[in-house]
Each structure stands twice: as structure tokens, then as C-alpha cells.
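What follows is one structure encoded as C-alpha cells, with my remarks underneath.
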Amino acid sequence: MFSRRWRFGWDRYSEVDLFTDRHETNTESLSQAIRAAVSEEPDADGSVLFGQMQGTVVGLRYYTGVVNQGEMVALVRQPQNPYDRNAVMVANVYGSQVGHIKRELAAAMAHVMDNNLAKVEGVVHSRTKNQFTMPVMLSFWGKEENKDAVIQGLARHGYKLNTDGNKGAGASMKSGPWSGTAPLPRKGLTIPLTAQELKNAFDNLFEGLMESKEGEKEAAEAVSTPLLPHQKQALSWMCACENKSELPPFWEKRGELYYNRLTCFSAKEVPERVRGGILADDMGLGKTLTTIALILTNFHKGKPLPVEKCSSPTKASANLRKAPKLEGSSSERDRTGVDDTAADSRCSDINQIEVICVDSPEAVEVESQKTSASQGKQKATKRKSKTEPPALLEDDGFAAALSGSTSGMSSKIKKTAKKATPAPGVETSSLSAEDLSARATLIICPLSVLSNWLDQFEQHVRPNVKLNLYLYYGSERNRSKKFLSSQDVVLTTYNVLSADFGNKSPLHGINWLRVVLDEGHVVRNPNTQMSKAVLDLKAQRRWILSGTPIQNSVKDLWVLLAFLRLKPFDVKDWWNRVIQRPVTQGDRVGIQNLQTLVKCITLRRTKTSEVNGRPLVSLPEKVVCVEQVKLTQEEREQYELARTEGRNTIRRYMAEGTVLRNYADVLAILMRLRQLCCHPDLLAKISSDLAAAATPAELRERLIEKLRLVLASGSDEECSVCLDSVRLPVITHCAHVYCRPCIAQVISTEKEMARCPLCRSEIKTNELVEFPPEEMEEEDSANSQNWRSSSKVDALMGNLRRLQFEDRSIKSLVVSQFTRFLTILETPLREHGFSFVRLDGTMSQKKRAQVIQEFQSSAPDSPVIMLLSLKAGGVGLNLTAASHVFLMDPAWNPAAEEQCIDRCHRLGQTKKVVVTKFIVKDSVEENMVQIQRQKQDLFEKAFGSKNADKKTSRIDDIKALMEL
DNA sequence: ACCGCCGGGTGCC
DNA sequence: ACCGCCGGGTGCC
């Protein structure tokens, strides 16, 4: 049985799932429920309003600010207050002290607040008649189960909470001074949105954001690639965002004061402007190019970035440009070495994009290969481009090397060298007064797109322009703040940033001109080190690039807004109170506010958007054709045998009602059939006896085998707790696969009662089985000696050879879910002299980048085929060199196939894209295609089906597949 | 006069 | 604070 807490989690899920992407949401809410059950902190969006009461704010005379009618205030406990350990401070939106709650009431509130029984929020009157005290309406929010404790706790001190939200209080609330605390829902006053309306509102949050964002801007001369109209538009918008003097959303000038419409707070100072925003264009629309254009086009005062230019780009420079970068063949490297010494100080031998950090994932070797002489040369070249005296740079590095403490030393140097740079610790207010000395743009991205940035800089910046770009990555990275802040661009990864954070991070000691978060949605959990590291960066301008700014729910937006320093939402409590909670509860005004907010800071176009009635981008045509494959007689016989056997087994489980209990077995049967459709050698050698295991060792052995089957399937098998792909997989004795941390949490939450979330069998931590470490891949069963073909292999080879005959330059992606199938395919490819590369999930990032680079190259000897595992990489992978895609086997999830096709059918593709899907006639594959189709319909209609439903529909799938 | 009352000083927690 | 509280001055009406 689920404990009560669990139920609570599910119930709550059914309320909020509308905000979330169907795929990950239910998970989210489940793990959220677990977290909520475990943690002490009451979760803001699960809170209910206990009631309200009026209190008194005293000590007002010490506040010099203005108090407005209906202004929202925060209540902050001050246990360290020397006059009263029960003190409760009343703070304004900026956190400044307005006053205190009077002593007796503070005593009552302290008890409630210190025991986390409720969160208290306040709304105040203006201070008209009395300059010493004022009334405050207090609202108490918390978890339902604490309601009584709060009411009684207050009653003990002689205070009565008005729990009647609908009548007495409600009437005055309509127009009264307390409207800011309006409890929800209020019958008869405001009708909350229906679930459907809410969902629509949320779906449309990022739509239609183009209004009043017209206007195009040409990129600076240094950008060599002509921008498409929509990119010029984006550039225009981004420049405007950076240069604008407008107030942030919801702020307006009222006389001498700046007033916030939502919180009714006003201040004398101009609220910090948000110089930046979210560029949320669909992938493929050129966010990277636009950002590069922004960097080069909009330096201080709207002028282009001052860059050195070389008068005559020689043909040598074109070659050289490629030199010290992330990837590149060794021959290229050698050439570079030669030219480096020969070409000496001519401008043309300075690389257009000078990637100074040689310690990139790949380039470690480069560094070690170089002679110390050439290293010296490289440094000399670098120095020339700087304005600082070279000795300083040297000393700095030297000092760092000696002391191991970069920051101490470099900050000393900085103070003497550059007075204009504010000392660390001076907060951002000094930044808003244009610090014209800030130069560098910091770009943070996931490791997987690091090489893409380097490529794009190289590709889009004119060869004669010298842009100082430093790759802050690798153990030898230069941690000198002086050095880093003098770059034009510093590129690093989220991991490096968070590893540095709190560890004398030089990145956090620099006042950046601009910080860009690429794939910004990766920081959405505010509790992670990564988010904290990102939020702690100091910058004048801040950008977020993301195709999917909301991954799961409204909550995801908070980190992004906090990063943009959008007052007052950069403080979590204010975000929760003013936006998140109202929205979660279906409050129309709340949703409106959220929409306004998003609109003000976001530019989003989709592939289907139009500019002036024309589609944004015109991609070349795409044709998808299905090629039926007929099995040979031998293959057919083997297939039918397996099918009959499997069908009988599944029939038995259905009759017994034990399908879920034997889920792994069922999957294994389907897997075997799918594998037989591809190639007989894909079949894992299944431990022969399927009879009940006699010994624990045997049981363990069999479970490991099943685990292998489930995982090796490459199908979109996910952990049923987090609904993400399984990480650190373990299998239970009932043969269900979960992430170890997920299931461990379930067990620890349910204590001795723990049961499998899928089949309710009892589970124990010590019975979880994981892969023995050495087990991972027993390779080379499919080596070339015993190699044999299959119908599908033949079909593919026929196509490839025909293509090759037609045009030797055509490149193809060959995609399978089974990495072992890819291995099998290597043999005939080699035999027929195809040059190919392979990309699968097991490869390191470094290797991946190298492979992609090779494949994308247009060199005559570059590979023409990429063997690609369906799930490898992820979004953002750019394989536009290919114009043909062969999908070797149908996937459960049609979206996965689409995504894969999109990797070559995207911006930059010049040829017509031809997709060929191989489907074995009269097989489980045909049925899978059928189910795919239904699924697409289903997905569009049924949103947020619960996990249980999901599994049930899986059973239906299985029935359909096996024609039961 | 070990009280009550008056009026000045004073003031968030 | 056009309050309440404190504590010193004062003392029938």
C-alpha cells in the first residue's frame, strides 16, 4: 500500500500536472512529493491559506521609505535580535526593514514560524495618520496538516485567525485595502481558470512574442555570415534590450518615485534594469550566430566591439584559422606548428579565432607535442594583442603557479593596474552605472556544445578579424582574472563553472560585460551548485539561450529570472508569492502577470513562425519513405518460432494478470522479436533455463541478464520513479528497473513497508541488483570471421551502393537503437570500401566532437556514413552534412525518430533530405509503426496521464504488438 | 506616603 | 504617540 503521504503526492500531481510536459511531469511531481515528505521546508506551491488576521507594525519611524496602500511586505524572523528573541521584522520587497511586529504578536508568530508550521505574508496600509505604527494584514500559509496547530498556537497567545476566506473578509477584499492577500479561490468573486484554460494559457506562454519586436539590425562588419531576416530581428531586439533605459516590467514612474504595480512597492531609486533576456528561438534558427553577432555588434554605447584587423587576409590565413582548436587531425596540427615558426609576426598568421587555451579535451596532446620554443612563440603572439604590459601577465601566472592561489595575487595586481574595476564585493548597483572598462563576454554551455561554439565563432567571424576567445576549460586553464577579463570572449562549461564556484573562482571575481547561458534550461533546479554558481556571476548584461525555457513547470522559470535579476522575482519568496502560487492555483491575474513578464524579456520564434508573412526559414524538402523488408525463409522460421513462444508466454501472464510482475520478461520477448527483424546475431545469449532459479546466485544471474536486456534494448525505457532515462540502474527481485537513488528513496520513505511502485511486490534495499562492474560490454561476438548478413543489412547495403553510384559526395546517417547492430553493420561497410564514423552514447565528449567534425567536413576523403545510435547525443547535434537518413528499426517513441531526422534536416541543410525507414513485413515492427501513429494522436489529446495509465497503455501496446 | 494622583520624559524589537 | 508606560514629585479641599 502507498502510505498516506504518497497519495498526497499523487493527488497533488493531478492538480498541477497541467503545467508540465507530459513526459517528465508526473515524475517530477512524484519525486517532488518524496522531497516534500522528507524535507522540513513547506513547499510553497502545496500551501493552503489557513487564515488571516490583523497585526501591528511598530518602529515605523526608523523607515525612511514610502509605504503604499496595499503594499506587500515580508515577515522575517530575527532570533538574534538583542531586544527580543521572538522578534519578527517587517521587510519591504527589497528586504529592507520597514518595522517590527509588536512584541506580543511577535511571540505568537515566532512559535509558528520557528516550527515551520506556516509561512506568513503581509500587506500593509499606507502610513497616513500615524507615523509610528501601522496595521498589517497577515496571511498564514502552510500544509493542511499544520492548520490546527497554527490556529491553536496563535490562540494560546490570545490571537484569533480569521479562517473564513469567503464571507466577511472576502467582501471587503474586492476593493478593500487588503486586496493583495486575496485568498483563492473565492466563490462568486473570481472564477479560477479551469484546468484546460490553465493548460492553454501555459502552452501559449511562449507564443506570440513577436509583437512590437520588429526592426532589423545589420551585424557588425566583423561578422562574415549574412544574417537571415529573423536573425537581424533578433539582433535588433537583443541590442535594444542591452541598451534600453526602459523600466523593467511592472514598474512605472509615479512622480519622483518608482512604483511596482504587482507588489505596490515604491522606491526612490530606479529599479535595476534588466539588460538582457531570454532568446528562446527553436533550435536551428541560429541562436548561436545571433549571439556571436551581438557580441561583435553591441559593445559599449552601441558601438561594435573594437577588434584588431589584418589588412590582407592571405590564403595562408585561411588555412591557419583552423589551427589550434578543439578538434582537428594531427596533420593539421603539424602544419600549424610549421607555420607558426615560419610565418613569424605577420598579421595573417594570427588566427582569426585565437583559442588560447590549448588544454581543450582534445588539445592536451597538442600542447605536449609542441616544443617549448613554439610555446614561447605562441605566448609572444598573444601578448602583442594585449594592451597590458606583458610582464604583468607573466608575473600573474607565475605567482599563481607558486602560491596556488590565483585570486589573492591577481586581485592585488588588478588594484594597482586598473582602478576602474570595482573591487569584488561591491555589489551590482555600481555596475548599473555603466562600467565602461568591462570588456569580456562569458559564455557558459554544456560540454556537448562547446566545440560547436568554437566552430561557429570560426565560421561566422571574418578571417581578418582578431577576436580574443579563451576556452576556459581543462586543468591547465589560466585562472588569472586579469587575463580573463581582458578577453573578448571566454567560453566555459557549466561543470567548470560550478567546480570553480566557492573555490576562489576567478570567473566570479570578474565584472563581465555580458554573461550568456547557453541551453539555459539546464539550470532549473535552484538547489544545485550549478544554479548557485550561475546566479553568483557579476555582469552588466545577461542572456539566456534556450529552445525550451520551461522544461517541466512554471517553477523552472525562477532560476532564469533570478539570473536576469528581474526585481523582485530574483528573490524566491516573492516569485512564489506573486507569480508561482497564484498561477498554480489558476488565478487569472497571476497568469496574466506571468504572461506579461515572459513577454517583456523573451523572444521566441518557432520553425513555423513567419516574418512579414514569410516563413522564418525555408528548409529543403524532406521525404520519408518506408522500405518494406522481406525476411528470408530461414529468418522467417526463426522469427515465427520466437513469436509463437513469446505469445504463449504473454498470454499466460495476461490470464494470470501478472504482466506487470513479469514486465521485464515481456519486454525481453518483444526485444528478441525486434532484434530478429534486424539481425539474428543481435540475440543476447539468454541463460538457457527460464525455470525458477534454484539458488540466490542463479536468481542474481538471471536478474542481471534481464537488466542487460532491458537496458541494451536502447528502447526508451525509463525509471518509473523519475521517468527519466535510468541512471545507475538497478533491478528489483520482481524484475523492474529503476535508478538506484530513486528506488532507494522510495524504500527509505516507505520504511519496512516498501513495495515496488510498479507491481507492489515487497522490495528491500539489499535485494537490489546492479551490474557487476566488469559486465558492461562483452564485445566482439560479431567479429568479421563468423559474420553473416541479414535481409535488413542487405536492404541497407543496396541503398548505400546505389547512392554511392549516383553521387559519391552524398552522406548518410544510418540509425539504429541497437548499438550492436551498428557494430554488425561495420563489417559490410568496410568490405564495400565505405568510409564511415560511428557515434553512440558510450563515447566521450571529446571523441564525439571529433567524430562530428570529421563527418561534417567537406574534404574529399571525409567519411560518407555515420553509424548513429538513436539516443546518442541529444538535441543540438548538427549533422547537416548528411542528406540521407536510414532508420534501421522503428522506435517506440516517434519523437525520438523525428529528433534524429532533425539533426540533418535543419538550418544549414542545403540538399533535399531523404529518410528511409526499414520495416520488416509481417512483423512486430509493422505493428510498432501502427502504434506510433496512434500514440501521436493520443499524446495530443490525453495530456498528463498518470504513471499507472502509462503502464497500462504499455500493456495495450504489448497486446497489439503480439496480436493478442 | 509601605498609598494614589499629577504631569514630564519618553518611545520598535 | 492627540497614546501607554515609567518613575519622580508630591500629598485634603
Side-chain angles (χ1 to χ4, degrees), chain A residues 40-42 44 47 49-142 146 149-162 172 176-178 180-181 257-260 263-269 427 567-568 571-574 576-577:
Chain A
E40 335 267 280
E41 204 77 28
S47 297
L49 180 64
F50 296 161
Q52 299 175 305
M53 63 185 262
Q54 209 180 109
T56 307
V57 184
V58 295
L60 249 188
R61 82 162 105 166
Y62 302 97
Y63 182 54
T64 52
V66 187
V67 181
N68 291 306
Q69 184 83 244
E71 178 171 336
M72 297 183 181
V73 291
L75 289 308
V76 185
R77 272 286 284 124
Q78 290 185 317
Q80 300 303 327
N81 189 302
Y83 305 95
D84 181 3
R85 57 185 180 81
N86 289 326
V88 177
M89 182 181 78
V90 178
N92 70 19
V93 167
Y94 283 174
S96 314
Q97 171 177 322
V98 172
H100 280 87
I101 294 293
K102 68 166 174 155
R103 205 181 197 98
E104 301 77 19
L105 177 53
M109 285 172 63
H111 167 255
V112 168
M113 293 169 84
D114 293 347
N115 292 300
N116 268 324
L117 297 175
K119 275 197 167 162
V120 193
E121 296 176 356
V123 172
V124 295
H125 244 299
S126 55
R127 61 162 146 186
T128 42
K129 51 180 195 227
N130 183 331
Q131 60 172 111
F132 300 95
T133 67
M134 67 179 168
V136 56
M137 183 57 93
L138 301 167
S139 306
F140 290 72
W141 297 81
N146 291 328
V150 169
I151 292 171
Q152 282 158 23
L154 292 172
R156 262 200 301 281
H157 291 262
Y159 292 97
K160 172 145 172 27
L161 205 56
N162 178 10
S172 69
W178 312 116
T181 42
L257 297 175
Y258 297 91
Y259 178 80
N260 185 296
T263 60
C264 301
F265 168 70
S266 62
K268 288 167 190 119
E269 320 80 49
E427 240 320 280
K567 311 275 172 195
V571 175
K572 189 80 174 295
D573 283 342
W574 289 104
N576 281 339
R577 177 171 167 184

Would you call [X] and [Y] a side-chain contact if the rule is heavy atoms closer than 4.5 Å?
X        : Y        : result
A/Tyr159 : A/Leu161 : no
A/Cys264 : A/Tyr259 : yes
A/Val124 : A/Val98  : no
A/Ile101 : A/Val136 : yes

Near-strand residues of residues 75-88 of chain A, defined as heavy-atom separation under 4.0 angstrom from DNA chain B: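 Within residues 75-88 of chain A, the residues near DNA chain B are A/Asn81, A/Tyr83, A/Asp84, A/Ala87.
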
Taking B/dG11 as the reference, what is the distance to B/dC6 when you measure between their P atoms (whole Å, please)?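 The answer is 25 Å between these two P atoms.
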
Given the P atoms of B/dC5 and B/dG9, what is the spacing between them in whole Å?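 Comparing P positions in B/dC5 and B/dG9 gives a spacing of 22 Å.
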
Kindly list each side-chain donor-acceptor pair under 3.5 angstrom involving residues 72-80 of chain A, sequence neighbours excluded, with atom names and distances?
{"from": "A/Arg77", "atom 1": "NE", "to": "A/Asp114", "atom 2": "OD1", "distance (Å)": "2.7"}
{"from": "A/Arg77", "atom 1": "NE", "to": "A/Asp114", "atom 2": "OD2", "distance (Å)": "3.3"}
{"from": "A/Arg77", "atom 1": "NH1", "to": "A/Arg85", "atom 2": "O", "distance (Å)": "3.0"}
{"from": "A/Arg77", "atom 1": "NH1", "to": "A/Asn86", "atom 2": "O", "distance (Å)": "3.3"}
{"from": "A/Arg77", "atom 1": "NH1", "to": "A/Ala87", "atom 2": "O", "distance (Å)": "2.8"}
{"from": "A/Arg77", "atom 1": "NH2", "to": "A/Arg85", "atom 2": "O", "distance (Å)": "3.0"}
{"from": "A/Arg77", "atom 1": "NH2", "to": "A/Asp114", "atom 2": "OD2", "distance (Å)": "2.8"}
{"from": "A/Gln78", "atom 1": "OE1", "to": "A/Asn81", "atom 2": "ND2", "distance (Å)": "3.3"}
{"from": "A/Gln78", "atom 1": "OE1", "to": "A/His100", "atom 2": "NE2", "distance (Å)": "2.7"}

Could you go through nucleotides 8-12 of chain B and list every protein N or O atom that sits under 3.5 Å from one of its N or O atoms, giving the distance for each pair?
{"from": "B/dC12", "atom 1": "OP2", "to": "A/Arg61", "atom 2": "NH2", "distance (Å)": "2.9"}
{"from": "B/dC12", "atom 1": "OP2", "to": "A/Tyr62", "atom 2": "OH", "distance (Å)": "3.1"}
{"from": "B/dC12", "atom 1": "O4'", "to": "A/Gly59", "atom 2": "N", "distance (Å)": "3.3"}
{"from": "B/dC12", "atom 1": "O2", "to": "A/His100", "atom 2": "ND1", "distance (Å)": "2.8"}

Syn/anti state for B/dA1 [syn: chi within 90° of 0]: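 Base orientation: syn.
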
For a side chain to side chain contact (heavy atoms under 4.5 Å, CB included) with A/Phe140, tell me which candidate from A/Glu121, A/Met109, A/Lys119 qualifies.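 When A/Glu121, A/Met109, A/Lys119 are each tested with A/Phe140, the side chain to side chain contact (heavy atoms under 4.5 Å, CB included) holds only for A/Met109.
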
A/Gly99 backbone acceptor or donor facing A/Tyr63 side chain under 3.5 Å: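 Checking the backbone N and O of A/Gly99 against the side chain of A/Tyr63, no donor-acceptor pair under 3.5 Å is found.
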
Base-pairing mate for C/dA1 - Watson-Crick or G-U, with both contacts under 3.5 Å: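 Its partner: none found.
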
Any idea which heavy atoms bring A/Trp574 and A/Thr263 closest together, and the distance?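 Residues A/Trp574 and A/Thr263, closest heavy atoms: CE3-CG2, 4.4 Å.
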
